[in-house]
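Okay, so here's the structure we're looking at.
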Amino acid sequence: MEVSSSNLDSTRVLQVRGRLDHSHAKEFETALAPHLLACTPTGSPLVLDFSGVVYISSVGLRVLLLAAKQVKAQQGLIAIAALTPIVTEVFQVSHFNLVLAVYPNVAAAAAGLGT
Amino acid sequence: MKLRCWGTRGSIPVSLTAPDVRAKIVRALEGAQGRNLSHPGAIAAYVDSLGFDVAGTFGGHSSCVQIETGGSEHFILDLGTGVRPLGAHMLARYGAAVPQTYHVFLSHLHWDHIMGLPFFTPVYIPGNRIVVHSCHPHAEAALRRQQAEPSFPVRFEQFSAAFEFDTVTPGQAFEVDGTRVIAHAQRHAGDSYGWRFERAGKSAVYSTDSEHRLEDEDERAGFIAFFRDADVVVFDAMYSLADAISVKADWGHSSNIVGVELCQAARVGRLVLFHHEPAYSDTQIANVLQETRRFEQITRDGHVLEVLSAWDGLELTL
């Protein structure tokens, strides 16, 4: 699992790669933490680019849910973009597509967050 | 070993309504358009081709599962309303004159898991023996209380069968009529317990009313060990994963996703989705089953897990 960051205008984009399963969820949570702290009305909106995520398990989805909760409490903005077909299906079956903002690509996510 | 579901609905019994039945008939008739259904064989074949949510129903009784171990005594898992038709089945099969021994294994004492007892006819037949195995020390008090005024007109003392109460320690295996039994502690309000039964190389696990904390590795490892290589696991899949860990966190239930993940890790043969959300229609339960099968498919790592959805009347031979 790897996470790298870049900026698209005022939006912070995190490129996530690999598997977000029981072996890597904690690592993902740790890598995400500092970016979540900065995701506030005065900080940067956050887009998670999932184009490199090949699989996400329940524990990985839990990390996303906690991230969304934290950002909402901070009144920040977060979205997920570019799900692979497998991850799209996992989102659908788990109903995470109903509770998280998901966009087809990073540009659409940034636009959806109003940045 | 055989497993038979008599009650599969979570939290409260439900029943089909007239609009539900009408909707099924309409769907069946729509599908019949243009078909040659001029003889009974063609009609039967057409009905058999319909989805279970159209031609059948998952049912509405609350939790009750029977295990036929191959021994002479009967195993009943929970006393939800499904135990009423189970009692009728037993009477039809054995009659009232031949005393029977029933072993009841309670997951916990919440109402939907004990409310069928007053209507379990064998309790009114002298000579029957009913042994209640539970990890809850207050099981007897709970069963007596629901018989007491003003909840019910027949007091516990009026039951004619002989009752015994066996308080079990989770994690300590014991033997009942030649079957190895072990209980496992689960996360639920007031605590609940899963049960594993092993006999002659076959094993069945009943794990309902159990919430799973995804971040707790020790808990996960404990369930994988409890489920390990079971032929079948009956699993609380009441909610979607998103609901189970957000708006319905701490409600004490789990999801289809976690069921698949645990059963895959434990190399289980068959996963039976159980304790269906009472608000779900047959179509919604069928959709959950379809989605869960697809999830199992895309996450398969060499081991094939058969996924089924429990319904009142489902019978599995292990």
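Within every chain, numbering begins at 1; the chains are lettered A, B, ... in the order of the sequence lines, protein sequences first and strands thereafter.
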* Any A:Phe96 side-chain heavy atom under 4.5 Å of B:Ile245 side chain -> yes

* Asked: How about A:Leu98: does its CG atom have over 12 heavy atoms from other parts shown lying under 6.0 Å from it?
  -> yes

* Which portion of A:Val59 sits near chain B, non-hydrogen atoms under 4.5 angstrom -> both

Between chain B and chain A, going by a 3.5 Å limit, which atoms form donor-acceptor pairs, if any?
{"unit_1": "B:Glu215", "atom_1": "OE1", "unit_2": "A:Arg62", "atom_2": "NE", "d": "3.2"}
{"unit_1": "B:Arg220", "atom_1": "NE", "unit_2": "A:His22", "atom_2": "NE2", "d": "3.0"}
{"unit_1": "B:Ala242", "atom_1": "N", "unit_2": "A:Ser94", "atom_2": "O", "d": "3.0"}
{"unit_1": "B:Glu261", "atom_1": "OE1", "unit_2": "A:Ser58", "atom_2": "OG", "d": "2.4"}
{"unit_1": "B:Glu261", "atom_1": "OE2", "unit_2": "A:Ser58", "atom_2": "N", "d": "2.8"}
{"unit_1": "B:Arg294", "atom_1": "NE", "unit_2": "A:Glu89", "atom_2": "OE1", "d": "2.6"}
{"unit_1": "B:Arg294", "atom_1": "NE", "unit_2": "A:Glu89", "atom_2": "OE2", "d": "3.1"}
{"unit_1": "B:Arg294", "atom_1": "NH2", "unit_2": "A:Glu89", "atom_2": "OE2", "d": "2.6"}

* For B:Asp53, enumerate each residue passing the salt bridge (Lys or Arg N to Asp or Glu O under 4.0 Å) test, keeping only those at least two apart in sequence or located in another chain. => B:Arg27

* Which bit of A:Leu65 is near chain B, if near means a heavy-atom gap under 4.5 Å: side chain, backbone, both or neither? -> side chain

* Any residue meeting ring-ring contact (aromatic ring centres under 6.0 Å, His included) with B:Phe58, in chain and number order, not counting sequence neighbours -> B:Phe52, B:His276

* To do: Go through the structure and list residues passing ring-ring contact (aromatic ring centres under 6.0 Å, His included) with B:Phe105, not counting sequence neighbours.
  => B:Phe75, B:His133, B:Trp195, B:Phe197

